[in-house]
Amino acid sequence: MRGPVVVLGDTLLDRDVEGVVNRLCPDSPVPVLDETAATDRPGGAGLAAVFAAAQGAEVVLVTALADDAGGARLSALLAAAGVRVYPLALNGATPEKIRLRARGRVLLRHDRGGTSGEPGQPSDEVLRVIGAASAVLVSDYGRGVARQPALRDALAATRAPVVWDPHPRGPAAVPGVHLATPNESEVRELVPALPGASRLATASRGAQGLRRRWRAGAVAVTLGGDGALLCHAGSTPLVVPTPGSAEGDTCGAGDRFAAAASLALAQGALVSEAVQAAVAEASAYVAGGGVAAALPASRPRVRAGGTPGSRTRGGVPADRVGVAAVATLLGEVRAAGGTVVATGGCFDLLHAGHVATLEAARQLGDCLIVCLNSDASVAGLKGPDRPVQSEGDRGRLLAALSCVDAVLIFDEPTPEAALSWVRPDVWVKGGDYATGGGDGTAGLPEAEVLRRWGGNTVVVPYLDGRSTTDMIVRTLAERTR
């Protein structure tokens, strides 16, 4: 493959709540679910991107993320799955789909997030990566990303094969896509069926109608456990049956099908070969236990808040630490058209060099968010004897500074997931990056991440001779004299 596989579309936060039902509600004849476990995962385009990345492909996800806890959670989950996120701004809340399950059966699905918000404009880097893709999968969930005019222009212009997984509430595919992959119910909504027509006749008529309407190279209608029906330029459709039994949880099967077809096209397969590979992948996925078996259980990665307990401790407001604090700040600053500045680090022993960097950073915009390595992250970077201070204490100390507006604690070795959610306009680094000559930001690993949404990276002067590690070494040496 000459470039990454680009997945473009709407990402949702999916949550499976498992429990047991042993009684009915006393005030209404409905079952009571006693929760035993809950698992979060990316849904929609995010799930398709995770599936593609799990096959070893280099995957870029172009999606819209909201400034809320759901957006932060999605950024962390996607980063953990090896997906590079190129985020767009999203007005409104993160859409969530919550499935309440007992003994493997779904009792109820609870959707929240409200109406879809308007996605922001893509950066030049987003348009560039679409042009450099080996294949593009448009995973449309009807929430607006696939309608974005600049993205549609880029999709129409790319030479890469484009797979379009449509949604009835979404827009038409851009003209010239290689393959569209609606399911049966979507085809019926998009192309009304003739009365009394058979299942295959309805699928074939719908596929041919969509192929002509969208000027698509081919349309593959997925038929659940019966495989898929492929219509292309010829008059006779190709039916691709499943290789075996495909009974089980079908949640995510359409995303698995579209991701597999996209990977096959990226590797040079014919459309018919790509559809056969996709049917085999989706069938094995359902038979193997579906999404619960395909994705490992997740754990929190970006922290929802600071130290549990009271809202204040030592005079420092606890609501300046955590996802909720950052989300509120981002909403206020962006609504006023302000500039968001961020910096990051371990800040194990806060010293004058840290303060100088933070004060300089705050002067570059309208707020300063500090991305703080968690205890686990610091230990992974600096060894089992670090940090000296807990993340709770480090967060409170930073939040107490007048130049710091909010603190976000993250678990990963790098702040990439946190940055993909915060999307700062400016990322600031202090230290000796600026002393090596040339472009002072060339060595910053965060620079590539900031370019994804058009942000900038800068360095600020530092105070020589200030180092947390040196302070610890000197203190230990003095104790052993």
- prompt: How far does CG of Leu47 sit from CG of Leu77, to the nearest 0.5 angstrom?
  reply: 11.5 Å
field: Side-chain touch Trp427/Val449, heavy atoms, less than 4.5 angstrom
entry: no
Donor-acceptor under 3.5 Å (Asp67 side chain, Thr328 main chain): no
- request: State whether the side chain of Arg159 and the backbone N or O of Gly131 hold a donor-acceptor pair below 3.5 Å, judged by distance alone.
  value: no
- prompt: Charged N to carboxylate O below 4.0 Å: is that the case for Glu58 and Arg84?
  reply: yes
task: Classify the side-chain pair Tyr285/Asp255 by whether it contains a donor and acceptor separated by less than 3.5 Å.
output: no
Distance (rounded to the nearest 0.5 Å) between Ser420 OG and Arg452 CZ: 5.5 Å
message: Does any part of the side chain of Asp140, heavy atoms only, come nearer than 4.5 Å to the side chain of Asp10, both counted from C-beta?
response: yes
For Ser116, all residues meeting side-chain contact (heavy atoms from CB on, under 4.5 Å), sequence neighbours excluded: Arg143
query: If you measure from CZ on Arg128 to CZ on Arg451, what distance do you get to the nearest 0.5 Å?
result: 8.5 Å
query: Is Arg99 salt-bridged to Asp16, going by a charged N under 4.0 Å from an acidic O?
result: yes
Heavy-atom check, side chain of Leu65 versus side chain of Ser75, under 4.5 Å: yes
field: Contact summary for Arg394 and Asp348, nearest pair of heavy atoms
entry: CD-CA, 3.7 Å
- request: Report the distance from atom CG of Leu12 to atom CZ of Arg41, rounding to the nearest 0.5 Å.
  value: 11.0 Å
task: Answer yes or no: is there a donor N or O on one side and an acceptor on the other, between the side chain of Glu186 and the main chain of Asn183, under 3.5 Å?
output: yes
- prompt: Hey, are Asp425 and Thr339 close enough side-chain-wise for a donor-acceptor pair under 3.5 Å?
  reply: no
message: Looking only at side-chain N and O atoms, does Asp411 offer a donor or acceptor that is under 3.5 Å from a partner on Ser374?
response: yes
field: Short side-chain to backbone donor-acceptor contact, Trp421 and Asp68, under 3.5 Å
entry: yes
- prompt: Under 4.5 Å between any side-chain heavy atoms of Val275 and Leu179, yes or no?
  reply: yes
message: What I'd like to find out is whether the side chain of Thr181 reaches to under 4.5 Å of the side chain of Phe257, using heavy atoms alone.
response: yes
- prompt: Counting only N and O atoms by type, is there a donor-acceptor contact under 3.5 Å from the side chain of Thr11 to the main-chain atoms of Thr63?
  reply: no
- prompt: Taking the side chain as C-beta and beyond, is there a heavy-atom pair between Val177 and Trp214 under 4.5 Å?
  reply: no
- prompt: Is Arg215 atom CZ crowded by more than 12 heavy atoms from other residues, nucleotides or ligands, each under 6.0 Å away?
  reply: no
message: I need the Leu398 CG to Asp393 CG distance, nearest 0.5 Å.
response: 11.0 Å
- request: Determine, for Glu18 against Arg101, whether the closest basic-nitrogen to carboxylate-oxygen distance falls under 4.0 angstrom.
  value: yes
message: Donor-acceptor check, side chain of Arg15 to backbone of Lys97, threshold 3.5 angstrom: yes or no?
response: no
query: Quick one: are Ile98 and Arg112 in side-chain contact, heavy atoms under 4.5 Å?
result: yes
- prompt: Donor-acceptor pair, Thr343 side chain versus Val428 backbone, under 3.5 Å?
  reply: yes
message: Tell me if the CD atom of Glu118 is crowded by more than 12 foreign heavy atoms within 6.0 Å.
response: no
message: Would Arg256 and Phe51 count as a cation-pi pair here, with the cationic atom under 6.0 angstrom from the ring centre and within 45° of the axis?
response: yes
message: I want to check something: taking the side chain as every heavy atom from C-beta on, are Leu151 and Leu88 in contact at a cut-off of under 4.5 Å?
response: yes
- line: Taken in chain and number order and not counting sequence neighbours, the residues that satisfy side chain to side chain donor-acceptor pair (under 3.5 Å) with Asp124 are none
query: CG of Asn373 to SG of Cys346: how many Å apart, nearest 0.5 Å?
result: 4.0 Å
query: With no hydrogens and no angle check, is any side-chain donor or acceptor of Ser134 less than 3.5 Å from a backbone partner on Ala266?
result: no
